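To start, the structure itself, in structure tokens.
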Amino acid sequence: MKRSATVAAKLSRGALLLTGLAILLWSGLEDSDAAAVTALGGLSAISLTLLLMARLSAGRRVKSGHIALAGALAGALASLCAAALMLFKNLRHAHIFPDYPAEMLLAVLERLPIWTIAGSLAGLGIGLLLAPRRLCEGDEQE
């Protein structure tokens, strides 16, 4: 028996695939810009969180509180993914002077609590924006 994937699962897999492609292209460049690696870390964190949410929800309604927790997870993962990408690029290029020194790696990891709070607030905002839509859909189903 073959399971058909939901639209959310297909969207999250596509986002993860595009993120992986962007990371592959970025990793070959000689670049030590913190903005690019931070954006890719955030994008990969959001893609992973979307994939997790699509698998855990499995067609059920997701509550606003769960969206806020998913936002907190995405915020925390953004810092960890950015640091992992910096380390990956340092190891891949293997220069005498690394593209991203240890101080820069630690600076990104120091932002983990702030990015977690920001992600949870963004998730809560998204959940609150979607709440009236869910109420209208709930009225139609009854």
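The figures that follow rest on heavy atoms only: side chains count, while hydrogens, waters and symmetry mates do not. Position 1 is the first residue of the sequence; numbering continues from there. Quick caveat: nothing in here was measured; it's all calculated off a predicted structure.
- The OG atom of Ser47 lies 9.0 Å from the CG atom of Leu11; values are rounded to the nearest 0.5 Å.
- With sequence neighbours excluded, no residue forms a side chain to side chain donor-acceptor pair (under 3.5 Å) with Asn90.
- Criterion: ILVMFWY side-chain heavy atoms under 4.5 Å apart, direct or through other members. Under it, Ile126 and Leu50 are not part of a common hydrophobic cluster.
- Here the closest heavy-atom approach between residue Gly41 and residue Cys81 is recorded as O-CB, 3.6 Å.
- Annotation: the span from Arg13 atom CZ to Arg55 atom CZ amounts to 7.0 Å, rounded to 0.5 Å.
- In Ile114, the CD1 atom is not crowded: 12 or fewer heavy atoms of neighbouring residues, nucleotides or ligands sit closer than 6.0 Å.
- Of all non-hydrogen atoms in Leu105 and Ala83, the two that sit nearest each other are CD2-O, 3.2 Å.
- Heavy-atom minimum distance, Ala34 versus Met104: CB-SD, 4.4 Å.
- Here the side chain of Ser79 pairs no donor or acceptor atom with the backbone of Ala76 at under 3.5 angstrom.
- When each of Val108, Leu109, Leu85 is tested with Leu80 by the rule side-chain contact (heavy atoms from CB on, under 4.5 Å), just one qualifies, namely Leu109.
- Within the model, atoms CG of Asp99 and CG of Asp33 stand 11.0 Å from one another, a figure rounded to the nearest 0.5 Å.
- Counting heavy atoms from C-beta outward, Leu73 and Leu69 have side chains that stay 4.5 Å or more apart.
- Hydrophobic clustering (side-chain heavy atoms under 4.5 Å, transitive across Ile, Leu, Val, Met, Phe, Trp, Tyr) keeps Ile23 apart from Leu51.
- For the pair Thr38 and Ala82, the tightest heavy-atom approach, listed with the atom from each and the gap, is CA-CB, 4.3 Å.
- The distance from atom CG of Leu16 to atom CG of Leu43, rounded to the nearest 0.5 Å, is 9.5 Å.
- Using a 4.5 Å heavy-atom cutoff, the side chains of Lys89 and Val37 are not in contact.
- When all heavy atoms of Ala36 and Trp26 are compared, the closest pair comes out as CB-NE1, 4.1 Å.
- The cluster map of Ile, Leu, Val, Met, Phe, Trp and Tyr, joined by side-chain heavy atoms under 4.5 Å apart, puts Leu129 and Met53 in different clusters.
- Heavy atoms only, all atoms of each residue included: Ala78 and Ala45 are closest at N-CB, 3.4 Å.
- Hydrophobic clustering (side-chain heavy atoms under 4.5 Å, transitive across Ile, Leu, Val, Met, Phe, Trp, Tyr) groups Tyr100 together with Leu40.
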